[in-house]
Number of protein chains: 2
Amino acid sequence: MGEFAIETRGLSGGGRVSATKLLVLGIVHLSGGAHGYQVRSELQSWGAEIWAKIKPGSIYHALKKAAADGLLTEHAEPGNSGPERVLYRATARGRDEIVELVRDGLRRTHDPTMLDAAIAMLPMLTRTDAIAQVNERVARLEAELVEQAKGWENPNPDIPEHVRDQAELWAGHARTELEWAKSLSKRLSEGAYTMADDPGSWRTAPGHLKMPV
Amino acid sequence: MGEFAIETRGLSGGGRVSATKLLVLGIVHLSGGAHGYQVRSELQSWGAEIWAKIKPGSIYHALKKAAADGLLTEHAEPGNSGPERVLYRATARGRDEIVELVRDGLRRTHDPTMLDAAIAMLPMLTRTDAIAQVNERVARLEAELVEQAKGWENPNPDIPEHVRDQAELWAGHARTELEWAKSLSKRLSEGAYTMADDPGSWRTAPGHLKMPV
DNA sequence: GCCCGTCTAATCAACCTTGACTAGACGTTT
DNA sequence: AAACGTCTAGTCAAGGTTGATTAGACGGGC
């Protein structure tokens, strides 16, 4: 009998997507290995503590969890100068996981934090893959706008008037995102950014972000 | 070498704001007393489980927490037909808390879920108060757009190109929200919705949403 | 030399969220 | 009449998030 009868979902680690996880894994990988404080500093310099609302405690937790899940390895370092610290490095499974998380974040609507995180890690994907995921997002947004317009015709009378009016705001956000996603797709097609399959990417030059230790 | 200096900033305000708390308190109050399943059903009919991503477990937790904090009272009811249930009723402090949460949610930017929840509970405020809060939001959004435009002139070179491009998306969202907030302010000024100081509001006719028990 | 603030680095308990599970009542299909 | 699904109503343990706190090193003023 198969001991693991339960079907594992697309993303390992139980399934629940998390922008924290993606950003932390991504920074560790792009830095070619990092300890907690380094991840924290880098995220802050990107402004991620503002737009992704990540707090230091969550970063350390995410690192430990990812290490327990086999996505990172832990290397304890004695504190020659300053406190002790732990160096984390991405495993092969960890790199695969990042790619899956970015693909998911680009497609998934109604999750702005995850989208922001995915954009931050965009160069983890090949150019054609990134374009495909962004186009999928465009398609989903268009479908949702059509759906929402249909609901506008015969509204649910159980919902109070002011709650129904929220729909206007959501539709506005969806249209904004739609245009932005289209322009991102176009920029990618025109060769913007250094993607995973371009010369000078993390694949050919890992550790290009490596920070002073 | 303060190259990666981190500012530890303590956000003012005692308890962390929560859309769940606002919606649960609000539904209990508007229903003139309700048990958990009733709150859950009402939120679902408003589509709140989709746009606020609230799950049943969180509702029961929020009810218990609010009762422990003195914002709701608990009345155990024997299960004459069906399982036992607990009836919750808003206290005076609970009502004050809802009003404060709505005011906060209307002003606070960068928290779409809280805004949605605040809009759902908009009639808890008086008309002039609601207009003031929405106008404050307009002012904040305008200030943030100016700030963001300034940052666009001389960008931080530490941030990768694609991360800087996120700013375009967030600016788009801010402009969408700005126009929407202005139109909401205008609608309120023109007398739309039944607000707390209007005849027929929860103040003069509590329990107008009361559901069959 | 000593004190003070800041930087580096991380831990911890309290709190919130969530998927999974329990259990009775009621209708209806076999 | 037994089996089955569904609705009502809620509990619980596992896991993620956060503010508070700890602790050594380092530079600058007194």
Donor-acceptor side-chain pairing of B/Tyr88 and B/Glu74 below 3.5 angstrom: yes

Nearest-nucleotide pick for B/Thr20, side chain only, options being D/dG10, C/dT17, C/dA9: C/dT17

Integer-rounded Å distance: C/dA9 P and A/Leu87 CG: 11 Å

Determine, stepwise, if the pair A/Glu161 / A/Arg164 fulfils salt bridge (Lys or Arg N to Asp or Glu O under 4.0 Å). CA-CA 5 Å; A/Glu161 189 189 4; A/Arg164 282 203 297 267; over 6 Å; no

Should the pair A/His162 and B/Trp46 be assigned to parallel (<30°), tilted (30 to 60°) or perpendicular (>60°) ring geometry? perpendicular

Quick one: salt bridge (charged side-chain N to carboxylate O under 4.0 Å, His left out) pairs with a partner in residues 55-69 of chain B, sequence neighbours left out? B/Lys65-B/Asp69

With a 3.5 Å cut-off and no angle check, do the side chains of A/Glu42 and A/Ser31 form a donor-acceptor pair? no

Nearest-angstrom distance from the residue atom NE2 of B/His35 to P of D/dT11: 12 Å

Would you jot down, in residue-number order, the residues of residues 53-64 of chain B having a non-hydrogen atom under 4.0 Å from DNA chain D? B/Tyr60, B/Lys64

So if I take every side-chain heavy atom of A/Arg40 and compare against C/dA10, C/dT17, D/dG10, which nucleotide ends up nearest? C/dA10

Below 4.0 Å: OP1/OP2 of D/dG10 and any side-chain N or O of B/Tyr37: no

Return the angle between end axes of the helix from C/dG1-D/dC30 to C/dT30-D/dA1, with five pairs used per end and rounding to 10°. 10°

Within the 3.5 Å criterion, strictly below it, is a donor on A/Thr91 or A/Thr73 matched to an acceptor on the partner's side chain? no

Please state whether the phosphate of C/dT8, meaning OP1 or OP2, lies under 4.0 angstrom from any side-chain nitrogen or oxygen of A/Ser41. no

Below 4.0 Å: OP1/OP2 of C/dC16 and any side-chain N or O of B/Lys65: yes

Check: B/His110 ring centre within less than 6.0 Å of B/Trp170 ring centre: yes

Under 6.0 Å from the CD atom of A/Glu168, do we count more than 12 heavy atoms belonging to anything else shown? yes

